[in-house]
**Q** 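Structure incoming, see below.
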Number of protein chains: 2
Amino acid sequence: MDTKHAKRLDSKGLKKTEPRKKVLDVMSSTDQFLSAEAIHAIVDTKKRPISLSTVYRILETFKAVGIVSSVSLENAKEERFELSHEHHAHHLICTSCERVIHVHGCPLDHYEKTLQKTHDFTIEDHRLDFYGLCKTCRDKRI
Amino acid sequence: MDTKHAKRLDSKGLKKTEPRKKVLDVMSSTDQFLSAEAIHAIVDTKKRPISLSTVYRILETFKAVGIVSSVSLENAKEERFELSHEHHAHHLICTSCERVIHVHGCPLDHYEKTLQKTHDFTIEDHRLDFYGLCKTCRDKRI
DNA sequence: CTCAATGCAAATCCTTTGCATACCT
DNA sequence: AGGTATGCAAAGGATTTGCATTGAG
């Protein structure tokens, strides 16, 4: 695992520092969106803690080189981060527990082309997220 | 116009105060997403200014009763607001000038049904935004 | 050894809140 | 009149920044 992280850093010309490797450890351990604070809290439990501002700086750097991407969830004020996927994905986000289900494949190619023509707008990216209730939370409801 | 705003407030059982009407004035004058600060700045130029915290409180109230809805744009830290539309819409957002083009109609009904079954997830809402360059900004590029 | 990365504390930005006052109904 | 909305100033939370120190290459 450590090797993989080292390579990821190398390939972007970034120094392989402890804090960076720790952030990668935490982020690769889940497919959920994490806040800087959450990452910091998890990292924190392992040996030498790293400072919260370092986490912010690392995330900023990682975002700039494309290692991570960020989302702002509806009704959450803080930014959330995840490791960038090679493949474009959409999300089912539970409004109750905030858990994220990743969905691969995208039904929008044709629609996107139509829009570009209709509105004379060059689309470079899109974000499609579904909000609702996951099975667990739905079953919990009265 | 004023009558229309008055009715909008009445129908939600909200007092028809000057600040509320002014916020409605500003928001109905554009189809762009506005930050609380932006709304405040525009309102401000007209006769008696209103306080920024009042703008925040009004937006909070309006959001609660469904008069406005909010978005968090990629790479913008502050929340943006718009008057709620009766019809669901998607957006083409220019990453250069931040202008928004509204697109009506939605190509996702069938896809959404499929997802609900596949993932046993109850979808209540979705957000689909396209990011890219509007004609004006694209033409400006070197 | 050298420059970039980190830690810490202070600063900043956006948003919320407490309390006294003003204003709808 | 009675209670809600507003203004102002201060508080709060998330993120950023300055500066001295540490550490990777």
Side-chain angles (χ1 to χ4, degrees), chain A residues 2-3 5-26 33-41 43-44 46-65 67-68 70-81 98, chain B residues 2-3 5-26 33-41 43-44 46-65 67-68 70-81 98:
Chain A
D2 194 53
T3 322
H5 295 165
K7 277 183 188 157
R8 226 192 286 239
L9 292 169
D10 264 337
S11 75
K12 303 294 180 176
L14 296 175
K15 283 186 187 172
K16 299 180 281 294
T17 67
E18 270 312 295
R20 285 177 179 165
K21 285 187 270 184
K22 285 183 183 173
V23 169
L24 286 176
D25 274 337
V26 171
F33 293 132
L34 299 175
S35 65
E37 194 103 42
I39 293 170
H40 179 251
V43 159
D44 223 0
K46 313 184 178 176
K47 40 184 172 176
R48 189 167 323 155
I50 65 185
S51 120
L52 180 55
S53 54
T54 297
V55 174
Y56 275 108
R57 276 191 275 230
I58 289 174
L59 290 170
E60 184 188 15
T61 304
F62 284 4
K63 198 171 155 182
V65 300
I67 294 181
V68 310
S70 72
V71 227
S72 35
L73 295 194
E74 258 177 25
N75 301 319
K77 60 199 76 183
E78 6 74 66
E79 200 169 3
R80 308 292 177 96
F81 301 84
E98 297 210 323
Chain B
D2 194 54
T3 322
H5 296 164
K7 276 184 189 156
R8 224 192 289 237
L9 293 169
D10 263 338
S11 75
K12 303 293 181 178
L14 296 176
K15 284 187 187 171
K16 298 180 281 294
T17 67
E18 269 313 294
R20 285 176 180 166
K21 285 187 271 185
K22 285 183 184 174
V23 169
L24 286 177
D25 274 336
V26 171
F33 293 132
L34 299 175
S35 64
E37 195 103 42
I39 293 170
H40 179 251
V43 158
D44 223 0
K46 314 181 179 181
K47 39 184 174 178
R48 189 169 323 156
I50 65 185
S51 120
L52 180 56
S53 54
T54 296
V55 174
Y56 275 108
R57 277 192 275 230
I58 289 175
L59 289 170
E60 185 188 15
T61 305
F62 283 5
K63 199 171 154 182
V65 300
I67 294 181
V68 311
S70 71
V71 227
S72 36
L73 295 193
E74 257 178 25
N75 301 319
K77 61 199 75 181
E78 6 73 67
E79 201 169 3
R80 309 292 177 95
F81 302 84
E98 296 209 323

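A note on names: the letters A, B, ... follow the listed sequences, proteins ahead of strands, and every chain is numbered from 1. Just so we're clear, the structure is a prediction, and the values are computed from it rather than from any experiment.
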**Q** What's B:Arg57 touching, base or sugar-phosphate or nothing? Going by heavy atoms closer than 4.0 Å.
**A** base
**Q** Is the closest side-chain heavy-atom distance between A:Ile39 and A:Tyr56 below 4.5 Å?
**A** no
**Q** Without decimals, in angstroms, what is the distance between A:Leu24 CG and C:dA5 C1'?
**A** 15 Å
**Q** State whether the number of non-hydrogen atoms from other residues, nucleotides or ligands found under 6.0 Å of B:Glu74 atom CD is greater than 12.
**A** yes
**Q** Check the interface with nucleotides 20-25 of chain C: list each N/O to N/O pair with the protein under 3.5 Å, or write none.
**A**
from: C:dT25; atom 1: OP1; to: B:Lys16; atom 2: N; distance (Å): 3.2
from: C:dT25; atom 1: OP1; to: B:Lys16; atom 2: NZ; distance (Å): 3.4

**Q** Mind calculating the distance between CG (A:Leu9) and P (D:dG25) to the nearest angstrom?
**A** 9 Å
**Q** C:dC13 C1' sits how many Å from A:Glu78 CD, rounded?
**A** 16 Å
**Q** 5'-most contact on DNA chain C: A:Arg20 or A:Ser53, nearest heavy atom basis?
**A** A:Arg20
**Q** C:dT15, D:dG7, C:dC8: which one has an atom nearest the side-chain heavy atoms of B:Leu52?
**A** C:dT15
**Q** Are B:Val68 and B:Val23 side-chain neighbours, meaning at least one heavy-atom pair lies under 4.5 Å?
**A** no
**Q** Looking at B:Ser51, is its backbone amide N or carbonyl O close enough to the side chain of B:His40 to form a donor-acceptor pair, meaning the two atoms are under 3.5 Å apart?
**A** no
**Q** Please check if the side chain of A:Lys21 supplies one atom and the backbone of A:Leu9 the other of a donor-acceptor pair under 3.5 Å.
**A** no
**Q** Please list, chain by chain and in numerical order, all residues satisfying salt bridge (Lys or Arg N to Asp or Glu O under 4.0 Å) with B:Lys63, sequence neighbours excluded.
**A** B:Glu79
**Q** With no angle test and no hydrogens, is the base of C:dC14 tied to the side chain of B:Ser35 by a donor-acceptor pair under 3.5 Å?
**A** no
**Q** If I compare all heavy atoms of A:Ala36 with all of A:Val55, which pair ends up nearest, and what's the gap?
**A** O-CG1, 3.7 Å
**Q** Figure out the CZ/P separation between B:Arg80 and C:dC14, and round it to whole Å.
**A** 10 Å
**Q** For A:Val55 and for B:Tyr56, find the nucleotide of DNA chain C with the closest heavy atom, then tell me which residue's nucleotide is more 5'.
**A** A:Val55
**Q** Roughly how many Å is it from CG in B:Leu73 to P in C:dC14, rounded to a whole number?
**A** 14 Å
**Q** Rounded to whole Å, how long is the line connecting atom CD of A:Glu60 with atom P of D:dA14?
**A** 18 Å
**Q** Please give, in whole Å, the distance from D:dG7 C1' to B:Ile58 CD1?
**A** 12 Å
**Q** Take atom CD1 of A:Ile50 and atom C1' of D:dT21, then tell me their distance rounded to the nearest Å.
**A** 17 Å
**Q** Applying a 4.0 Å non-hydrogen cut-off, can you work out what A:Glu79 is touching in the nucleic acid: base, sugar-phosphate, or nothing?
**A** sugar-phosphate
